[in-house]
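Only one structure is covered here, and it is reproduced in the block below.
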Number of protein chains: 2
Amino acid sequence: MEINCAEDQIVEKIELLPENQLKGLRLPTIRRFPKYLRILWELSSMGRDVVSSEKIANELNIDSITVRKDLAFTGIIGKPKIGYSISLLINGIERLIKPNNQTNIFLIGAGNLGAALLGYKGFEKHGYNIIAAFDSDPYKIGTTIHNKPVLSIDKITEIVEIPGDNIGVLCVPGNVAQQTAEILVKSGIRAIWNFTNVELKVPGHVTVLSEDLSSSLAVLSVNMKKNAYK
Amino acid sequence: MEINCAEDQIVEKIELLPENQLKGLRLPTIRRFPKYLRILWELSSMGRDVVSSEKIANELNIDSITVRKDLAFTGIIGKPKIGYSISLLINGIERLIKPNNQTNIFLIGAGNLGAALLGYKGFEKHGYNIIAAFDSDPYKIGTTIHNKPVLSIDKITEIVEIPGDNIGVLCVPGNVAQQTAEILVKSGIRAIWNFTNVELKVPGHVTVLSEDLSSSLAVLSVNMKKNAYK
DNA sequence: AACAAATTGATAATTATTTATCGATATATA
DNA sequence: TATATATCGATAAATAATTATCAATTTGTT
């Protein structure tokens, strides 16, 4: 599956950021970037031109030093007494976190959660093309959910035909998660956004990001207990 | 809203863990506990009695030292050459992360995501009681989703009547998120699991945990780009 | 033009988290 | 019984992330 779309690989390379700009980027910083973007988009729509790190920090309940350190990764420099140019920041952040031009989302498993994710506005807003859903339920196949077609899971190998970076959003039951992931890998997928609670085993060239609601529930529970003492 | 259910407060205190057992617990550790639980539950169902930190670590692709440090918080001690008692570990972890006996979940906003979360099996599995959904859509009010009643959002203040710790799962549109959160606070909620992309402002006695899919998408995107260099 | 205020960005300090090292111990085996 | 081995748990080291300090700079004000 590494052999497909040699041309696309080249196109992609051209659009890549210099490696060292990504290198120092750490997880907490990356996770904050979309939060900055949301604030910047809003300020921009209000007609504002500049913003201070302090202002952003207050909106997010974090420290302004953290904001400045994060923003430094974009290469955008602020002016003392003034702050940062909002439009430059938006460009700078998007350059770091936006997907490459042709990045396609395929949703696997159009159950409750899958159907909900098909309606997630963030895909388009952040530059992803959500193409279709795959399911094995004959009653769902042929229908559309949020205007996206639901296709037979047997058709999944055809995604290799689609040019660009293809991301699979895995929303199948846990007991078929690993085998479905393997089909995705064979189909030439570059990344899996894993909403099952299974730890997937995939080759190194495939990027996996797992969501885990039970982890969050645990945090909520412990925070509540800690909060009871205050 | 701090004045309700004095008796329940007392009951709750009795069930609380010693404060210092929670104190050192850090976020990464808390987030791993449910992952350990899943493995332990599975091993237990297979009839296994003991497990080594190395085995757990391999399943999760983490370091065994991390596992041992995490498990130390449970107070359970393992045996050299043998490992840990699975049943003791399960008890120990649940003691830390399980909610208090009567912890109720209310879902606010029965849209796509909300409806999906109503079907989330993790609530029951981890000891939460999912009671009802609230919505403002008259076509939804009076119906059930995943066997849970959908009630008018006007009824929300009545949750203060329900004994126990009440958690609100916030799935409303972003533009009404803050105002809905304030209603929840007035209604005596103790925690909010926030699935909107708004940073909520709530009093200190209310615990908030925010999910943010766009943060995850950013991580996925950057990881894909980094992976392209390898 | 001098000064005050706001804000950045660099460096340093602190705190959090992961990873390494290693002695101690329980079990199995020769 | 002695020895080898797996494994824990304590301590230490290394890495990551946040927070503090402060000089430099830009703008506005007297």
Side-chain angles (χ1 to χ4, degrees), chain A residues 20-33 35-36 39-40 43 48-89 92-93 96 215 218-219 222-223 226, chain B residues 20-33 35-36 39-40 43 48-89 92-93 96 215 218-219 222-223 226:
Chain A
N20 52 20
Q21 193 171 4
L22 290 175
K23 206 157 195 179
L25 264 185
R26 304 293 172 182
L27 215 58
T29 296
I30 299 167
R31 300 192 75 87
R32 282 188 293 264
F33 275 145
K35 297 177 192 291
Y36 299 151
I39 292 169
L40 294 167
L43 289 172
R48 299 281 303 273
D49 288 328
V50 292
V51 66
S52 71
S53 59
E54 188 71 30
K55 163 95 174 163
I56 296 174
N58 285 342
E59 292 282 331
L60 298 176
N61 279 309
I62 60 179
D63 198 293
S64 68
I65 305 169
T66 304
V67 176
R68 288 200 292 282
K69 281 211 147 185
D70 288 347
L71 297 185
F73 280 102
T74 64
I76 307 302
I77 56 175
K79 274 192 190 160
K81 188 79 193 274
I82 302 295
Y84 299 85
S85 153
I86 289 175
S87 62
L88 288 180
L89 275 190
I93 293 174
L96 291 173
S215 287
V219 172
V222 173
N223 284 355
K226 283 182 175 175
Chain B
N20 52 20
Q21 193 170 4
L22 291 175
K23 206 156 193 179
L25 264 186
R26 304 293 172 183
L27 215 57
T29 298
I30 298 168
R31 299 193 74 89
R32 283 188 292 264
F33 275 144
K35 298 177 190 290
Y36 299 151
I39 292 169
L40 294 166
L43 289 171
R48 300 280 302 273
D49 288 328
V50 292
V51 66
S52 71
S53 58
E54 189 71 28
K55 163 99 175 160
I56 295 174
N58 285 341
E59 292 282 330
L60 297 177
N61 282 307
I62 59 178
D63 198 294
S64 68
I65 305 168
T66 303
V67 175
R68 288 202 292 282
K69 281 209 148 184
D70 287 346
L71 297 184
F73 280 101
T74 65
I76 307 303
I77 55 176
K79 273 191 192 163
K81 187 79 196 275
I82 301 296
Y84 299 86
S85 153
I86 290 174
S87 61
L88 288 181
L89 276 190
I93 294 174
L96 291 173
S215 287
V219 173
V222 173
N223 283 355
K226 284 183 175 176

Heavy-atom contacts under 4.0 Å between residues 64-73 of chain A and DNA chain C, which residues? A:Arg68, A:Lys69
Taking all non-hydrogen atoms of both residues into account, name the closest pair between B:Ile56 and B:Leu40 and its distance. CD1-CD2, 4.4 Å
Here the gap from A:Arg31 atom CZ to A:Arg26 atom CZ, rounded to the nearest 0.5 Å, amounts to 16.0 Å
Report the distance from atom CG of B:Leu27 to atom C1' of D:dT18, rounded to the nearest whole Å. 14 Å
Any side-chain heavy-atom pair of A:Leu96 and A:Phe33 under 4.5 Å: yes
Tell me which nucleotide among C:dA16, D:dT18, C:dT19 gets nearest to the side chain of B:Arg26. C:dA16
State, to 0.1 Å, how close A:Val67 and A:Tyr36 come at their nearest heavy-atom pair, and which atoms those are. CA-OH, 3.6 Å
Given atom CG of B:Asp63 and atom P of C:dT21, what is their separation to the nearest angstrom? 11 Å
For B:Ser215 and A:Lys35 the tightest heavy-atom approach is OG-CE, 3.9 Å
Between C:dA16 atom P and B:Ile30 atom CD1, what is the distance in whole Å? 13 Å
In whole angstroms, the gap separating P of D:dA6 from NZ of B:Lys55 amounts to 16 Å
Nucleotides 25-30 of chain D: protein proximity per nucleotide (B base, S sugar-phosphate only, - neither; heavy atom, under 4.0 Å): BBB---
Regarding the side chain of B:Tyr84, the nearest nucleotide among C:dA20, D:dC8, C:dG9 is D:dC8
With rounding to the nearest 0.5 Å, note down the distance linking CD1 in A:Ile30 to CD1 in A:Ile93. 12.5 Å
Please state how far atom CG in A:Asn61 lies from atom P in D:dT18, giving the value in whole angstrom units. 15 Å
Minimal non-hydrogen separation, A:Leu25 against B:Lys226, with atom names: O-NZ, 3.0 Å
Checking all strands, does A:Thr29 fall into the base, sugar-phosphate, or nothing category for heavy-atom contacts under 4.0 angstrom? nothing
Phosphate OP1/OP2 of C:dT18 contacted by B:Arg32 side-chain N/O (<4.0 Å): yes
Could you tell me the separation between the CG atom of A:Leu25 and the P atom of D:dA17, rounded to a whole number of Å? 11 Å
With a non-hydrogen cut-off below 4.0 angstrom, is B:Ile62 in contact with a base, only sugar-phosphate, or nothing? nothing
Using atom types as modelled, flag every donor-acceptor pair under 3.5 Å from a side chain in residues 71-85 of chain B to any protein atom, sequence neighbours excluded.
| unit_1 | atom_1 | unit_2 | atom_2 | d |
| --- | --- | --- | --- | --- |
| B:Thr74 | OG1 | B:Leu71 | O | 2.5 |
| B:Thr74 | OG1 | B:Ile76 | N | 3.1 |
| B:Ser85 | OG | B:Ser87 | OG | 3.4 |
| B:Ser85 | OG | B:Leu88 | N | 3.1 |

Would you call A:Leu43 and A:Lys55 a side-chain contact if the rule is heavy atoms closer than 4.5 Å? yes
